[in-house]
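The figures that follow rest on heavy atoms only: side chains count, while hydrogens, waters and symmetry mates do not. If you're wondering where the values come from, they're calculated on a predicted model, not measured in any experiment.
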Amino acid sequence: MADVEQPVVNSTIEIEDMITVGTLAERLSIPVTRLIGELMKNGIMATVNERIDFDTAEIIVEELKLGIGITRRKAEEETTARVKAVASATAASRPPVVAVMGHVDHGKTSLLDAIRSANVVKGEAGGITQHISAYQIIHNDRSITFLDTPGHEAFAAIREHGALLTDIVVIVVAADDGIKPQTIEAIRFARKAGVKIIVAANKIDKEGADVNRLKSQLGEYDLIWDGWKGGDTPVQEVSAKTKQGIPELLDMILLVTDVEDLKADTDIPARGLIIEAHVEQGRGPVAHALVEAGTLKPGDFIVAGSSYAKIRNLETTDGKPLKIATPSMPVAITGFKTLPEFGDEFSYVANEKLARAQTEAAANGKQAKGARGGVGSSELIRMINRNNEVQELNIIIKADVQGSLTSVIDSLKALDTAEVAVRIVSSGIGAVGENDLHLAQTSKAIVYGFNVDIPTSSKQQASRDKVVVRMYKVIYELIDDVKSGLSDLLRPEIKETEVGRLVVRGIFNTTKSAVICGGEVTKGKLVSPALARVLRGKEELGEVEITGLKRGPAEAKEVFEGEMCGLSFSTSHRIDLQDGDHIELFTREAIQRTL
């Protein structure tokens with residue numbers, strides 16, 4: 001006897017963020033084979049124990065048309081800001097960590113350039129910051145750590161990451177330009193991280209600078225200038241060009257630091273966060289990190305995610321050797337076995353045995369999460385779209401550091417539409433190599449390099465194998481190039497324009513594939529050759545091709561409204577033309593669309 005599906009009493013069920021296929025089938029009161037079949041229909045090969053996320057489950061349940069809705073089981077709210085350990089009663093004061101954020105071209109890197117008197121902005125491709133850079137300066141015999149975060153929209157992930165590292169956010173706004181989209185985003189990030197905000201009104205030396213207007217704009221986002229009643233947001237007027245107001249800005253940072261009473265323990269095992277990671281020739285993996293507590297020394301073992309290091313070199317971020325690193329210090333670390341990930345927390349361990357055990361556990365956990373974590377909703381949507389003949393652009397991405405790689409990938413994924421999508425075949429850190437080119441050849445992918453080199457041997461291989469390699473130093477130029485490639489995959493828009501119309505007044509000859517008739521031009525003009533459709537009232541009898549026109553006995557290339565003419569057309573199927581039918585001439589052109 002065949003299984004009979006039991007009706008589900010409730011119209012809505014509640015499920016977790018992740019759920020196995022078997023459990024979901026049980027909750028829906030349907031055979032698990034039916035659920036697996038629906039997943040397979042959408043290109044997902046899943047077993048009964050495979051886990052899928054809530055969004056995927058929602059899509060599949062909707063496609064099953066069971067009349068059942070699903071809701072997400074509420075969990076304890078996660079806070080985005082990392083929880084910092086409470087300092088002990090014996091903790092020492094530490095320098096503030098200050099993130100500098102703002103809209104692209106508002107001069108935040110130029111301001112930092114003026115603060116530390118090092119010409120950084122000229123070294124940045126396209127004049128924009130493309131990595132998080134961290135360094136310390138001394139002001140009034142006190143240290144301040146600065147993080148310079150990218151301003152281009154493609155670097156939202158890095159900017160948010162930067163805000164979560166900090167105690168104070170300085171939002172740089174050009175006084176002549178006012179608040180812009182990335183200014184608003186910086187405000188949101190700073191609030192999300194729960195840190196103090198200082199506004200630096202830059203470019204006050206420029207014509208059109210209006211600080212009062214800026215203060216009013218800030219008020220619209222609940223940032224009330226501390227010079228007004230009830231306000232608590234300092235607004236410091238500065239000029240990166242003339243260095244006006246910079247000492248006062250640094251004084252303000254130190255004042256806020258004193259109010260916040262920032263402290264950290266130095267006599268505990270060191271811990272902190274990886275803020276950047278890349279590979280250097282001759283040095284291997286190099287991580288830039290921020291020490292949050294404890295004291296770090298060369299020779300220490302540290303674990304960061306699924307990677308560990310015996311610190312070989314401990315340096316400042318501009319390459320000067322360090323004997324120790326204390327809280328709030330940005331450092332460069334060499335000695336990692338593999339490249340740590342952007343955003344990994346690092347911590348001190350006593351020996352290599354413990355370090356290896358912790359990294360293996362982290363790697364196994366990550367692998368299990370990947371294997372058991374199932375298929376995400378974005379991948380499911382991509383698979384469904386693929387079934388609808390979505391056109392894909394295969395690309396391989398190589399970047400200089402992980403933060404950049406993350407931003408490039410996130411930005412390219414945002415370009416996907418229902419018709420075209422980026423398919424990232426492979427991505428990684430370092431120069432474009434032989435394996436990248438082999439993979440590109442077999443997958444018909446374009447190789448994009450961002451801030452990396454391509455050795456001469458690889459150039460020759462790419463030329464020999466006809467692999468397209470495109471190298472960029474400015475992220476928005478790379479994104480524009482990919483956008484152009486996706487636009488080329490879009491189906492062109494077909495535009496039809498009516499040219500003229502004839503009403504049939506006589507039929508002279510009809511065969512299976514051709515007709516000769518006569519009539520009056522009632523609209524526009526007729527031309528030959530041309531495309532046309534034959535209409536009887538509102539019914540279309542077929543599409544034809546005009547092969548000849550005659551005005552009296554003479555051949556004509558065009559005949560105008562109000563004139564009588566003879567007309568011949570060819571057709572792929574017999575059309576029984578009648579007096580009173582209309583022949584409508586039109587042009588058809590394909591217009592290339594863009595994203």
Side-chain angles (χ1 to χ4, degrees), residues 1-80 156-157 160 192 305-306 341 343 361-394 406 409-410 412-425 427:
M1 186 174 174
D3 289 341
V4 178
E5 291 180 22
Q6 298 298 317
V8 178
V9 177
N10 298 324
S11 60
T12 302
I13 62 171
E14 194 177 70
I15 69 168
E16 301 78 9
D17 282 341
M18 301 294 294
I19 188 169
T20 65
V21 172
T23 303
L24 180 59
E26 187 180 328
R27 301 282 286 282
L28 294 170
S29 296
I30 63 172
V32 71
T33 51
R34 180 177 175 188
L35 183 57
I36 289 173
E38 191 64 36
L39 286 162
M40 289 174 66
K41 241 177 15 180
N42 285 292
I44 301 169
M45 310 305 290
T47 65
V48 67
N49 294 318
E50 186 87 33
R51 294 206 303 167
I52 57 176
D53 66 14
F54 175 86
D55 293 333
T56 303
E58 191 173 42
I59 293 167
I60 292 298
V61 170
E62 187 178 336
E63 293 206 352
L64 283 167
K65 294 182 171 52
L66 299 171
I68 302 171
I70 65 172
T71 59
R72 193 190 302 266
R73 177 169 291 166
K74 289 182 180 177
E76 291 182 15
E77 258 187 51
E78 292 181 8
T79 55
T80 304
E160 184 157 15
K192 197 173 179 184
S306 54
E341 289 193 10
N364 291 337
K366 188 174 178 182
Q367 187 177 9
K369 187 177 177 183
R372 308 288 298 163
V375 181
S377 57
S378 59
E379 184 60 23
L380 174 61
I381 291 166
R382 181 188 290 272
M383 288 174 174
I384 291 171
N385 284 342
R386 191 178 293 142
N387 292 340
N388 293 332
E389 297 184 356
V390 66
Q391 298 296 308
E392 291 186 323
L393 181 68
N394 290 350
T406 300
I409 290 172
D410 288 348
L412 296 184
K413 283 180 179 176
L415 298 177
D416 288 0
T417 71
E419 291 181 65
V420 293
V422 172
R423 179 170 174 254
I424 298 170
V425 176
S427 63

Could you tell me the separation between the CD1 atom of Ile68 and the CD1 atom of Ile30, rounded to the nearest 0.5 Å?
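Taking CD1 in Ile68 and CD1 in Ile30, the distance rounds to 7.5 Å.
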Measure the CD1-CG distance between Ile60 and Leu24 for me, rounded to the nearest 0.5 Å.
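It is 9.5 Å, given to the nearest 0.5 Å.
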Given Leu35 and Leu64, is the side-chain contact (heavy atoms from CB on, under 4.5 Å) satisfied, shown in steps?
CA-CA 8 Å; Leu35 183 57; Leu64 283 167; 3.9 Å; yes
Where do Ala57 and Ile70 come nearest, in terms of heavy atoms and distance?
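Looking at all heavy atoms of both residues, the shortest contact is C-CD1, 3.7 Å.
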What are the two closest heavy atoms between Phe54 and Ile15, and how far apart are they?
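The pair with the smallest heavy-atom distance is CD1-CG1, 3.6 Å.
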Any side-chain heavy atom of Arg34 sitting closer than 4.5 Å to one from Leu66?
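Heavy-atom side-chain distance check passes, below 4.5 Å.
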